[in-house]
2 protein chains.
Amino acid sequence: MSAKISLTPKEGKYLTFMYRRHVEEDERATTTILAKSFKVNPATATETVQKLAEKKLVEYTRYYGAKLTEKGICEAKKLLRKHRILEVLFVKLLRYDAEKACEEASKIDHYCSADLINAICRTYGHPDTCPCNKEIFSDSKCRRQE
Amino acid sequence: MSAKISLTPKEGKYLTFMYRRHVEEDERATTTILAKSFKVNPATATETVQKLAEKKLVEYTRYYGAKLTEKGICEAKKLLRKHRILEVLFVKLLRYDAEKACEEASKIDHYCSADLINAICRTYGHPDTCPCNKEIFSDSKCRRQE
DNA sequence: GTAAAGTTTAGGGTTTACCAAACATTTTTA
DNA sequence: TAAAAATGTTTGGTAAACCCTAAACTTTAC
């Protein structure tokens with residue numbers, strides 16, 4: 001049993017943002033980039049990254065930047081799964097366009113239980129990509145409970 | 001233009017709880033009842049009710065209890081609409097039972113935009129009751145944007 | 001090697017949501 | 001009806017989540 005990780009909504013947003021950099025770009029996110037992206041003061045970004053480091057979700061090197069740990073990657077994937085399954089729901093059920101789907105998903109993804117997300121996932125036949133063609137990570141509990 | 005009301009998640013829960021008492025029972029909610037329902041210290045319930053009173057959402061009389069104002073009823077209905085539309089979604093789309101649907105709806109109702117709720121409402125043909133047969137209040141913007 | 005750019009620290013601030021203990025009011029009941 | 005019991009409020013905290021400015025420090029690029 002690993003200690004349960006409790007993420008705040010904002011921490012979750014940082015994590016998913018960093019995941020994208022991590023896999024799509026050059027591996028690290030500087031606090032300045034984070035600060036600009038989230039429109040906050042650099043000091044605030046530093047603070048949040050340090051919180052994530054305390055929780056062992058990122059490896060943080062002062063003046064250099066941060067990089068997700070295995071644990072961080074795992075959490076980011078869980079969140080991205082939620083986000084992307086919600087996007088699928090909004091596009092398929094409500095005919096939202098990808099952008100609007102993303103916007104609405106962002107408002108609630110953090111608050112949705114894994115159970116709820118899995119139920120949606122099953123309903124749509126375990127989609128493997130979101131409306132903008134990004135991977136939807138799988139959850140071992142999802143197919144098992146069919 | 002009336003000043004925009006900003007409700008915290010907890011305030012929203014209090015408001016909807018009080019709405020039920022207001023229409024289904026004896027019109028007032030004492031702080032003790034609220035404290036018991038939300039499993040908090042009576043002092044906390046008093047504090048929250050006072051916040052709602054400041055926002056003119058309830059009429060609060062010390063040592064007696066609180067009653068929703070027109071504005072409070074209006075806000076409560078907006079929240080209950082969100083909650084109940086989500087319940088419909090979870091029951092119809094995911095075959096959740098009413099209780100589980102309620103539980104999951106409670107986690108996200110506060111964060112869902114009126115737009116999203118209306119889109120779901122349209123998809124299900126403007127249902128007028130939730131899975132437990134309670135009224136789903138209408139939103140004038142919902143049918144208009146068909 | 002120094003100046004500019006980038007980053008962190010220190011010290012605050014606000015809001016939300018709690019609690020315990022002391023106090024005030026209302027209700028009950030003996 | 002007066003005192004005890006139940007109810008409700010005030011006071012004075014705590015903690016977490018976000019956010020900021022200003023000053024100090026480190027890196028980088030000339």
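The figures that follow rest on heavy atoms only: side chains count, while hydrogens, waters and symmetry mates do not. By convention in this document, chain letters (A, B, ...) are assigned in the order of the sequence lines, proteins followed by strands, and residues within each chain are numbered from 1.
- Every pair passing side chain to side chain donor-acceptor pair (under 3.5 Å) that includes a residue from residues 80-98 of chain B is listed here, sequence neighbours excluded: Arg81(B)-Asn118(B), His83(B)-Glu87(B), His83(B)-Asp109(B).
- Within the 4.0 angstrom heavy-atom criterion, no nucleotide atom of any strand lies near Thr48(A).
- We find that Glu103(B) and Lys100(B) are not joined by a salt bridge, their nearest charged nitrogen and carboxylate oxygen being 4.0 Å or further apart.
- If you take CG of Leu7(B) and P of dT16(C), they are 10 Å apart, rounded to a whole angstrom.
- For Thr31(B), a side-chain nitrogen or oxygen approaches OP1 or OP2 of dT9(D) to under 4.0 Å.
- Salt bridge present: Glu11(A) and Lys55(A) bring a charged side-chain N and a carboxylate O closer than 4.0 Å.
- For the pair Gly65(B) and Tyr14(A), both in contact range of DNA chain D, the more 5′-proximal nearest nucleotide belongs to Gly65(B).
- Here Thr44(B) does not reach the OP1 or OP2 of dC18(C): none of its side-chain N or O atoms lies under 4.0 Å away.
- Projected onto DNA chain D by closest heavy-atom contact, Glu47(B) and Lys36(B) fall at different nucleotides, the more 5' of which corresponds to Lys36(B).
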Response to the item:
B/S/- along nucleotides 25-30 of chain D (protein heavy atoms under 4.0 Å) is BSS---
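- Here dC18(D) is the nucleotide among dC18(D), dT10(D), dT8(C) with the atom lying nearest to any side-chain atom of Pro9(A).
- Checked against side-chain hydrogen bond (donor to acceptor under 3.5 Å, both in side chains), Glu104(B) has the following partners two or more places apart in sequence or in another chain: Ser113(A), Lys107(B).
- With DNA chain C read from its 5' end, the first of the two nearest nucleotides for Pro42(B) and Lys51(B) is the one closest to Lys51(B).
- Rounding to whole angstrom units, OH of residue Tyr111(A) and C1' of dA17(D) are separated by 11 Å.
- The shortest distance between the side-chain N/O atoms of Thr8(A) and the OP1/OP2 oxygens of dC18(D) is below 4.0 Å.
- Lys51(A) has no carboxylate O lying under 4.0 Å from a charged side-chain N of Glu54(A), or vice versa, which leaves the two without a salt bridge.
- Here dA17(D) presents its C1' atom at 13 Å from CD of Glu54(A), a figure rounded to the nearest Å.
- The separation between Asn41(B) atom CG and dT11(D) atom C1' is 13 Å, rounded to whole Å.
- With rounding to whole Å, Phe38(A) atom CZ is found 13 Å from dC20(D) atom P.
- Atom CG of Leu52(A) and atom CG of Leu34(A) lie 9.0 Å apart (nearest 0.5 Å).
- Glu11(B) places its CD atom 11 Å from the P atom of dC18(C), with the value rounded to the nearest Å.
- Out of dC18(C), dC19(D), dT10(D), the shortest distance to the side chain of Ala43(B) is found at dT10(D).
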Item to complete: Verify ring-ring contact (aromatic ring centres under 6.0 Å, His included) between Tyr19(B) and Phe137(B), making sure each step is shown before the conclusion.
Response: CA-CA 13 Å; Tyr19(B) 182 84; Phe137(B) 306 107; 5.7 Å; yes
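- Per the geometry, OH belonging to Tyr64(A) stands 13 Å off P belonging to dT8(C), to the nearest Å.
- Between the NZ atom of Lys39(B) and the P atom of dC19(C) there is a distance of 12 Å, rounded to whole Å.
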